[in-house]
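Some notes on the structure that comes next.
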Amino acid sequence: MSLETGLSGKVAIVTGGARGIGRAIVETLAREGVTVNFFYKGNVEAALAVEQACQAFSGQAHAMQVDVTDPAACARAVEDVYDRCERIDVLVNNAGIVRDNLLAIMEDDEISSVLQTNLGGVFNTVRPVIPFMMSQRAGRIINLSSVAGVKGGRGQANYAASKGAVDALTRALAVELSSRRILVNAVAPGVIETEMSQQVRDLADDEVKSRILLKRYGQAQEVANAVTFLASDLATYITGQILYVDGGFKMA
Ligand code: NDP
């Protein structure tokens, strides 16, 4: 028996889809036949590259410049997706930033920008998407959390707080939306080889790797695989869960 994802013909929104993990998610969903609308903040070149990469395998990916910290822009973009695609099956909240610093010397902006993007961004996209999913009586919401949400890291008070809150929001939404058959889960990566983790990998390569059970960093594709699983028909009985894709980092 072959495993069927059931994703072909579905419509998705992926935030932060132009680079890193988000790009891998966009391309993987598009390969499964999903029409993917992805938000990016400012890197137009990267966004166009993702559209072109998807066109090369006849995948449907549509880039939209939407800042997830702007609630009105998110609401407009969600309406636009619904007007064009006539449904929204999957929302992946992937956009995120880090602004690491020791808390004693952390700037106000380093706190507010991380909370507004990593946590506020999830509220800003989920709220306008929910009514559409409720009327469809089906939907999948997948939030990108982090091991940092449960495992403290030096210089990451702002980021850890934002991701711990994303975990809590994921569980609360799973409860609230279950009666409408909307499943809400999070994927929590460990250290993945993207631009975001470059500084940490440069500063403490051996030390970080020694704390990962599998003794290597993860790849964006390995996270995208978990997101795709949770979006698919292979995950019809999973909600309110945090799936760690971390090579055992959380356990070490
Ligand atoms: P990257 O820094 O490589 O990419 C981040 C993406 O988010 C970019 O496409 C960027 O857009 C987008 N983005 C940032 N701010 C906004 C905003 N305000 N509005 C819209 N888009 C925005 O990050 P990763 O791919 O590494 O991370 C993806 C997710 O995974 C994040 O939520 C992160 O916290 C989480 N994660 C990553 C880990 C890692 O080791 N890499 C570990 C644990 C969790 P643009 O291209 O326009 O700048």
Side-chain angles (χ1 to χ4, degrees), residues 13-28 36-51 61 63-74 76-78 91-100 109 112-125 142-151 153 156 158-167 169-170 186-205 208-209 211-212 216-224 226-227 242-247 249-250:
I13 295 175
V14 179
T15 69
R19 293 188 286 120
I21 293 169
R23 177 176 182 160
I25 294 168
V26 171
E27 293 190 15
T28 306
V36 188
N37 301 274
F38 68 93
F39 298 175
Y40 66 98
K41 186 177 179 188
N43 195 330
V44 183
E45 229 171 86
L48 292 178
V50 177
E51 280 190 334
M64 305 171 75
Q65 188 163 12
V66 182
D67 184 336
V68 296
T69 65
D70 180 341
C74 288
R76 275 196 306 274
V78 168
L91 169 65
V92 182
N93 285 303
N94 165 81
I97 57 170
V98 279
R99 295 285 182 275
D100 290 359
D109 176 61
S112 60
S113 61
V114 167
L115 290 173
Q116 279 167 14
T117 305
N118 299 3
L119 178 59
V122 180
F123 279 108
N124 292 340
T125 53
I142 300 148
N143 300 323
L144 267 289
S145 176
S146 167
V147 165
V150 288
K151 194 177 167 81
Q156 291 208 309
N158 50 356
Y159 184 75
S162 73
K163 294 300 188 177
V166 166
D167 290 355
L169 176 56
T170 299
V187 169
V191 185
I192 309 299
E193 280 189 43
T194 67
E195 278 176 52
M196 179 181 277
S197 65
Q198 188 71 57
Q199 200 182 355
V200 168
R201 288 184 284 118
D202 287 348
L203 283 175
D205 186 47
V208 175
K209 272 197 191 136
R211 291 163 55 201
I212 301 170
R216 67 169 177 86
Y217 300 125
Q219 299 301 312
Q221 186 62 53
E222 295 177 293
V223 181
V227 171
I242 317 295
L243 175 54
Y244 291 91
V245 181
D246 67 348
F249 189 39
K250 181 167 81 69

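When a ligand or atom number is given, it counts from 1 through the structure's own listing order. The figures here come from the full heavy-atom set of this structure, side chains too, leaving out hydrogens, waters and symmetry mates. Position 1 is the first residue of the sequence, and the numbers go up from there.
- Between Asp167 and Lys163 there is no salt bridge, since none of the side-chain N atoms of the basic residue sits less than 4.0 Å from a carboxylate O of the acidic one.
- The shortest non-hydrogen separation linking Ala160 to Ala148 is CB-O, 3.3 Å.
- Residue-level proximity to ligand 1 for Thr194 is carried by the side chain, the only part with a heavy atom below 4.0 angstrom.
- The ligand atoms of ligand 1 that sit less than 4.0 angstrom from a heavy atom of Ala95 are 7 (O), 13 (N), 21 (N), 22 (C), 32 (O).
- The heavy atom nearest to atom 9 (O) of ligand 1, considering only Ser145, Gly16, Ala148, is found in Gly16.
- Nearest to atom 2 (O) of ligand 1 among the protein's heavy atoms is Met196 CB, 3.7 Å.
- Between Ala46 and ligand 1 there is no heavy-atom distance shorter than 4.0 Å.
- When atom types are taken as modelled, the side chain of Glu222 and the backbone of Val245 share no donor-acceptor pair closer than 3.5 angstrom.
- Ligand 1 has no nitrogen or oxygen under 3.5 angstrom from a nitrogen or oxygen of Val191.
- The shortest N or O to N or O distance between Asp67 and ligand 1 is under 3.5 Å.
- Counting atoms of ligand 1 from 1 in the listed order, those under 4.0 Å from a heavy atom of Ile97 are 14 (C), 15 (N).
- Scanning all heavy atoms of the two residues, the minimum distance from Arg19 to Ala46 falls at CG-CB, 3.8 Å.
- Comparing heavy-atom distances from atom 5 (C) of ligand 1 across Gly96, Gly20, Ala188, Gly218 singles out Gly96 as nearest.
- Using a 4.0 Å cutoff on heavy atoms, Asn118 does not count as a contact of ligand 1.
- Where the criterion is an N or O separation shorter than 3.5 Å, residue side chain and backbone included, Pro189 fails it with respect to ligand 1.
- Any N or O atom pair closer than 3.5 Å counts here, and Thr69 shares no such pair with ligand 1.
- For the pair Phe39 and ligand 1, the shortest N or O to N or O distance does not fall below 3.5 Å.
- For ligand 1, the polar-atom distance check finds an N/O of Tyr159 within less than 3.5 Å of one of the ligand's N/O atoms.
- Comparing Gln198, Glu45, Arg19 against atom 46 (O) of ligand 1, the shortest heavy-atom distance belongs to Arg19.
- With respect to Val14, the side chain to side chain contact (heavy atoms under 4.5 Å, CB included) criterion is satisfied by exactly one of Asn37, Ile25, Ile142, Leu91: Ile25.
- By heavy-atom distance, the residue among Val200, Asn94, Leu144, Thr15 lying nearest atom 31 (C) of ligand 1 is Asn94.
- Under 4.0 angstrom from ligand 1, the non-hydrogen atoms of Lys163 all belong to its side chain.
- An N or O contact shorter than 3.5 Å links Ile192 to ligand 1 by distance.
- Gln198 pairs with exactly one of Asp202, Thr194, Val200 by the side chain to side chain contact (heavy atoms under 4.5 Å, CB included) rule, that one being Asp202.
- Between Thr117 and ligand 1, no N or O atom pair is found at a separation short of 3.5 Å.
- Using 4.0 Å as the threshold, Gly190 has a heavy atom nearer than that to some atom of ligand 1.
- Looking from atom 20 (C) of ligand 1 to the surrounding protein, the closest heavy atom is Val66 O, 3.3 Å.
- Regarding atom 19 (N) of ligand 1, its nearest protein heavy-atom neighbour is Val68 N, 2.9 Å.
- The closest protein non-hydrogen atom to atom 11 (O) of ligand 1 is Lys41 N, 3.5 Å.
- The shortest contact between atom 25 (O) of ligand 1 and any protein heavy atom is with Ile21 N, 2.8 Å.
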